[in-house]
There are 2 protein chains.
Amino acid sequence: MLTKKSQYAFKALGYLADKQQDGPVLISEISKKKRIPLKFLENILLELRKAGILESKKGKGGGYFFKKDPADVKMATVIRLIDGPISMLPCVSLYFYERCKNCDEKHCGLHDVMRQVRDVTLEVLESRTLADLKD
Amino acid sequence: MLTKKSQYAFKALGYLADKQQDGPVLISEISKKKRIPLKFLENILLELRKAGILESKKGKGGGYFFKKDPADVKMATVIRLIDGPISMLPCVSLYFYERCKNCDEKHCGLHDVMRQVRDVTLEVLESRTLADLKD
DNA sequence: TTATAAACCTACTAATCGAGTAGACTAATA
DNA sequence: TATTAGTCTACTCGATTAGTAGGTTTATAA
């Protein structure tokens, strides 16, 4: 399951993608429209900015807006950033790999199945982008 | 990510599938061979028995063994039993569905993507069975 | 140049979950 | 009837999740 945090992230990013032509959007506006706790949202947007996905402006007329083109940000990227691994096992993860103890990856049935799950999952999550969140 | 618990469950089930012809297998044997904490394993096997996947026998000569044919138990079933939902969102879950608040499932981009992820994931996890864990 | 608007940042908290442990009980066999 | 082996309830303890509090910094505009 995705955490609330990444679900909020997607909602906020979807909203910002819609408003992309309107200039900076206030955190408080996103919070209200998408019903996301304000202070929690602050943290989330900050992370997305530090990751180079969003940009922000302080002071009057400030707010958040896209730094990258939404169409260039894969869903997988956001999940990895906010929640971490997408795979079901550390030993099949591409970005968060950890060797599994007491199990030979060469002939481990579980490993094979979970690698397959990872592959089909990533086929979806790396082909879909934040532009797909627009309505 | 799968929990340790379901990873242990798969290891234990794989071991039991291998030993299927040898009659009841001791919890302590599985615990040693697969390096799973004994008492934790007890709980796991109990759950699998209550779910009708395994059967057990008490007293001397007792132990655990398969009730169902391993080839008839889908990986998806075990994950749902031990860890719960497989989907990334409650609103796309088949077995643990929950309506999502403030989001119309009819035209929610996130919903669509996550339903697609669920579909490809289940294609794998419902076609592979515990027999695939044998080596 | 100062008031105000807005994002930034650190730290805290409460509740839940994950991973495992303790110990007494029950049933089957020899 | 002693021993073997699974059953069951409850407990612990650390990590993670889902926030909240409150002061700081920076940009704009009167």
Side-chain angles (χ1 to χ4, degrees), chain A residues 1-12 16 22-32 34-67 79 81-85 88-90 96 101, chain B residues 1-12 16 19 22-32 34-67 79 81-85 88-90 96 100-101:
Chain A
M1 283 275 179
L2 297 180
T3 61
K4 281 278 181 189
K5 197 173 177 186
S6 65
Q7 293 179 47
Y8 288 153
F10 280 121
K11 275 185 196 294
L16 284 171
D22 307 10
V25 181
L26 295 182
I27 301 178
S28 58
E29 180 185 334
I30 306 172
S31 165
K32 250 182 213 148
K34 290 303 187 177
R35 299 205 182 133
I36 303 171
L38 181 72
K39 297 297 277 178
F40 199 14
L41 180 57
E42 270 187 19
N43 295 326
I44 294 167
L45 294 175
L46 210 49
E47 274 190 71
L48 292 167
R49 198 212 57 184
K50 286 180 177 167
I53 295 167
L54 298 179
E55 194 46 275
S56 65
K57 229 187 120 188
K58 286 183 175 181
K60 185 150 201 178
Y64 273 93
F65 49 96
F66 267 94
K67 181 172 188 183
I79 297 179
L81 179 70
I82 305 287
D83 282 354
M88 299 189 111
L89 289 179
F96 299 86
K101 326 195 178 307
Chain B
M1 284 274 179
L2 297 180
T3 62
K4 281 279 181 188
K5 197 172 175 185
S6 65
Q7 293 179 46
Y8 289 154
F10 280 121
K11 275 184 196 293
L16 285 171
K19 303 268 174 183
D22 306 9
V25 180
L26 296 181
I27 301 179
S28 57
E29 178 184 335
I30 306 172
S31 166
K32 252 182 213 147
K34 290 303 187 177
R35 301 208 180 130
I36 303 170
L38 181 72
K39 297 297 279 179
F40 199 16
L41 180 57
E42 272 185 14
N43 294 325
I44 295 166
L45 293 174
L46 209 50
E47 273 190 72
L48 293 166
R49 197 211 59 184
K50 285 180 177 165
I53 295 168
L54 298 179
E55 194 46 276
S56 64
K57 231 187 118 190
K58 285 182 177 180
K60 185 149 199 176
Y64 272 94
F65 49 96
F66 266 94
K67 181 172 189 183
I79 296 178
L81 179 68
I82 305 287
D83 282 354
M88 299 189 109
L89 290 179
F96 300 85
C100 51
K101 331 203 174 303

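Residue numbering restarts at 1 for every chain, and letters A, B, ... go by the order of the sequence lines.
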Out of D:dG22, C:dC8, C:dG23, which nucleotide sits closest to the side chain of A:Lys39?
D:dG22
Whole-Å distance, A:Ile27 CD1 to C:dC8 P, equals 6 Å
Quick one: are B:Ile79 and B:Phe10 in side-chain contact, heavy atoms under 4.5 Å?
yes
Got a sec, which pairs hit salt bridge (charged side-chain N to carboxylate O under 4.0 Å, His left out) with one end in residues 40-50 of chain A, sequence neighbours left out?
A:Lys5-A:Glu47, A:Lys39-A:Glu42
Toward the 5' end of DNA chain D, which comes first, A:Pro37 or A:Glu42, by nearest nucleotide?
A:Pro37
Please report, rounded to the nearest Å, how far the P atom of D:dA5 is from the CG atom of B:Leu45.
15 Å
Are any protein N/O atoms closer than 3.5 Å to N/O atoms in nucleotides 27-30 of chain D? If there are, list each pair with its distance.
{"residue": "D:dT28", "atom": "OP1", "partner": "A:Lys57", "partner atom": "NZ", "Å": "3.0"}

How close or far is atom C1' of D:dG6 from atom CD of B:Glu55, stated in whole angstroms?
11 Å
In whole angstroms, how far is the C1' atom of C:dC9 from the NZ atom of A:Lys50?
7 Å
Rounded to whole Å, please give me the gap between CG in A:Leu38 and P in D:dA18.
18 Å
Could you tell me whether the side chain of A:Ser56 and the main chain of A:Tyr64 form a donor-acceptor pair under 3.5 Å?
no
With a 4.0 Å cut-off on heavy atoms, is A:Lys4 in touch with a base, just the backbone sugar-phosphate, or nothing at all?
sugar-phosphate
How long is the line joining CD of A:Glu47 and C1' of D:dA18, in whole Å?
13 Å
Nearest-Å distance for atom pair CZ/C1', residues A:Phe40 and D:dA21
15 Å
Please determine whether a side-chain nitrogen or oxygen atom of B:Tyr8 lies at a distance below 4.0 Å from atom OP1 or OP2 of C:dA19.
no
Strictly distance-based, threshold 3.5 Å: is any side-chain N or O of B:Asp83 a donor or acceptor partner for the main-chain N or O of B:Thr3?
yes
By the 4.0 Å heavy-atom rule, please label B:Leu26 as base, sugar-phosphate, or nothing.
sugar-phosphate
Roughly how far, to the nearest 0.5 Å, is the CD1 atom of A:Ile30 from the CG atom of A:Leu16?
4.0 Å
Examine distances only and state if a side-chain atom of B:Ser31 and a backbone atom of B:Pro37 form a donor-acceptor pair shorter than 3.5 Å.
no
Taking atom C1' of C:dC25 as reference, at what distance in whole Å does atom CG of B:Leu46 sit?
13 Å
Check whether any side-chain heavy atom of B:Phe66 lies under 4.5 Å from a side-chain heavy atom of B:Ile53, and answer yes or no.
yes
Whether A:Ser56 contacts C:dC8 is assessed here as follows: a side-chain N or O lying under 4.0 Å from the phosphate OP1 or OP2. Is that the case?
yes
Got a donor-acceptor pair under 3.5 Å from the side chain of B:Lys5 to the base of C:dG20?
no
Residue whose closest nucleotide on DNA chain C lies nearer the 5' end, A:Gly63 versus B:Leu2
A:Gly63
Closest to the B:Thr3 side chain: D:dT7, C:dG18, C:dA7?
C:dG18
